[in-house]
Amino acid sequence: MILQELQLSHYRNYEELSVSFAPGINVLIGENAQGKTNLLEAIYLLAFTRSHRTAKDRELISWHQKVARVSGVVKRTSGRLPLEVQISTSGKRVKVNHLFQKRLSTYVGHLNVVLFAPEDLALVKGAPVNRRQFMDMEFGQMSSKYLYNISRFNQQLTQRNAYLRQLKYGQQSDRILLGVITDQLAQAAGEVVVARYQLIKRLEKWAADLHHHISKEKEELTLQYVSQVDVNDQMNVEEAVAKLRRLYSENEEREIENGTSLIGPQRDDIHFIVNGQNVQRFGSQGQQRTTALAVKLAEIDLMKEQTGEYPLLLLDDVLSELDDDRQTHLLTAIQDKVQTFITTTSLSGVARQLIHQPTIFTIHDGTLSKEEDK
Ligand SMILES: Nc1ncnc2c1ncn2[C@@H]1O[C@H](COP(=O)(O)OP(=O)(O)OP(=O)(O)O)[C@@H](O)[C@H]1O
Ligand SMILES: [Mg+2]
């Protein structure tokens, strides 16, 4: 899919902006603090209705303004689709094809993006929560069923944790109600666990190939979805739910003592194994980078496999973080395939040579100008 047009109004340091993008590689060049990341963030917001940098929507509204608006036209094989996100001090509203949507969940999935920023190394190096967020964001945009189940799970988990806290402090004593809440949670949890397992398997298929290639055939990458449920290829949702119910009942006393849920996919993780070793714990910086890059690139292929279309790729300041070899892999993997937005302070080296016909925009103080073909 392609983002053909983008309009911003009172978004961060952009007052009013209207721009048409090229289907291939769009390079956004600017000094520090001119609005490069803000622009990618706006595209990300148009896809997910939220920023990748902050959970506080108000921060996105230009200072001294009350309403920020991001709109755009996405071209998919099914046709052109206008999307819009409005953020005001009183909340957020979204439109698909000019119609307001009652729920944010009917909005997500129309524009698919994969964002790669230097902090994405945290996917491999960071805490498990980073990897769970990764699964939820990425799988949520490729599958509305996943999005539905994970939202339902998160709501029910909050509810159950609140109830467990009340049981802990003796404000409640009804164990039958706990059983009802737990049964519901186990149902959503079972769906999430099985979907994550299956999608990680698909992701592994693409990531292993890419990793093998980037490491010059020296390394083998495998991905392991780590869950208390021990999912495997044979396990279906009912079996996962049954297993979860058993775990909940075995751990009920412990959960009440702790006043929180100790069982469930909110505890899961992904292990990245390179040549038999967990790369998070034992990998070199370079191996961790290669793994993060392979997984991000694999997402592009997985998205195409699951949705029938390639997502947009947003690369925020990553070229400078990658050595020439990895830059070459990245650029050849996406060229002529994926609409890409690259931010950088200057386009040089391998990137300058490798990108055929980039469309170059210069960003200065919240304004964009297109460099005409030279
Ligand atoms: N709500 C807002 N209203 C107005 N300006 C804002 C708002 N939020 C952030 N800014 C400004 O936007 C500017 C540009 O930020 P951005 O992160 O896009 O820079 P950048 O071009 O990516 O720089 P770098 O190369 O350092 O990453 C910042 O200087 C910041 O002061
Ligand atoms: Mg930036």
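- Minimum interatomic distance between R131 and G126 (heavy atoms only, all atoms of both residues): NH1-O, 3.0 Å.
- Residues T89 and R58 come closest through the heavy atom pair O-NH2, 2.9 Å.
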Report task. Before giving the answer on side-chain contact (heavy atoms from CB on, under 4.5 Å), spell out for L6 and F21 the whole-Å C-alpha distance, their side-chain angles and the decisive distance to 0.1 Å. Result -> CA-CA 8 Å; L6 182 74; F21 292 117; 3.7 Å; yes

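- The nearest pair of heavy atoms linking N130 to L123 is O-CD1, 4.5 Å.
- Between the side chain of Q280 and the main chain of F272, no donor-acceptor pair closer than 3.5 Å is present.
- The cationic atom of R196 (NZ for Lys, CZ for Arg) does not lie both less than 6.0 Å from the six-membered ring centre of Y225 and within 45° of the ring axis.
- Under a 3.5 Å cut-off, the side chain of S215 and the backbone N or O of H211 do form a donor-acceptor pair.
- Pairing each heavy atom of R76 with each of L111, the nearest pair is NH1-N, 4.3 Å.
- For E321 and R326, the salt-bridge test fails: no basic side-chain N is under 4.0 Å from an acidic carboxylate O.
- Contact record, L203 with E299: CD1-N, 3.7 Å, taken as the closest heavy-atom pair.
- Listed for the N13 side chain is a donor-acceptor partner under 3.5 Å among the backbone atoms of Q34.
- Looking only at atom types and distance, the side chain of S62 has no donor-acceptor partner in the side chain of R12 under 3.5 Å away.
- Here the side chain of Q184 pairs no donor or acceptor atom with the backbone of I181 at under 3.5 angstrom.
- Taking a cutoff of 4.0 Å between a charged side-chain nitrogen and a carboxylate oxygen, E257 and K168 do not qualify as a salt bridge.
- In this structure the side chain of V67 never reaches within 4.5 angstrom of the side chain of I61, judged on heavy atoms.
- Between L17 and V19 the shortest heavy-atom distance is CD2-CG1, 4.1 Å.
- For Q171, the CD atom counts as densely surrounded, since its 6.0 Å shell holds more than 12 non-hydrogen atoms of other residues, nucleotides or ligands.
- Checked by atom type and distance alone, the side chain of Q339 pairs as donor or acceptor with a backbone atom of L3 at under 3.5 Å.
- Put simply, the side chain of K296 gets close to the backbone of L115: a donor and an acceptor are under 3.5 Å apart.
- No more than 12 heavy atoms of other residues, nucleotides or ligands lie within 6.0 Å of NZ in K66, so this atom counts as exposed by the packing criterion.
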Requested in this report: Take T340 and Q335, measure what side-chain contact (heavy atoms from CB on, under 4.5 Å) needs, and give me the verdict at the end.
Outcome: CA-CA 9 Å; T340 304; Q335 199 109 246; over 6 Å; no

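- Between V27 and T343, the closest side-chain pair of non-hydrogen atoms is not below 4.5 Å.
- Counting heavy atoms of neighbouring residues, nucleotides and ligands inside a 6.0 Å radius, atom NZ of K205 exceeds 12 of them.
- One N or O on the side chain of Q266 and one on the backbone of I263 form a donor-acceptor pair closer than 3.5 Å.
- One N or O on the side chain of Q327 and one on the backbone of L319 form a donor-acceptor pair closer than 3.5 Å.
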Report task. Starting from the C-alpha separation in whole Å, work towards a yes-or-no answer on side-chain contact (heavy atoms from CB on, under 4.5 Å) for H329 and H213. Result -> CA-CA 9 Å; H329 273 288; H213 204 56; 3.3 Å; yes

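- Paired with S71 under the rule side-chain hydrogen bond (donor to acceptor under 3.5 Å, both in side chains), one option of Q7, Q86, K95 passes, and it is Q7.
- Here E191 pairs with K145 in a salt bridge; the nearest charged N to carboxylate O distance falls below 4.0 Å.
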Requested in this report: Kindly indicate, with the supporting measurements, whether the criterion side-chain contact (heavy atoms from CB on, under 4.5 Å) is fulfilled by T260 and R165.
Outcome: CA-CA 6 Å; T260 193; R165 239 181 343 267; 5.6 Å; no

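- Around the CZ atom of F100, the shell of radius 6.0 Å holds more than 12 heavy atoms that belong to other residues, nucleotides or ligands.
- Using a distance-only test at 3.5 Å, with no hydrogens or angles considered, a donor-acceptor pair links the side chain of N236 to the main chain of E239.
- Proximity of a side-chain donor or acceptor of Y248 to a complementary backbone N or O of T182 within less than 3.5 Å is not detected.
- Ion pairing of E253 with R175 is present here, as a side-chain N (NZ or NE/NH1/NH2) and a carboxylate O approach within less than 4.0 Å.
- For E15, the CD atom is loosely surrounded, since the number of other residues' heavy atoms within 6.0 Å does not exceed 12.
- Among residue pairs with one or both ends in residues 104-127, those qualifying as side chain to side chain donor-acceptor pair (under 3.5 Å) are Q101-T106; sequence neighbours excluded.
- For R50, there are no side chain to side chain donor-acceptor pair (under 3.5 Å) partners, not counting sequence neighbours.
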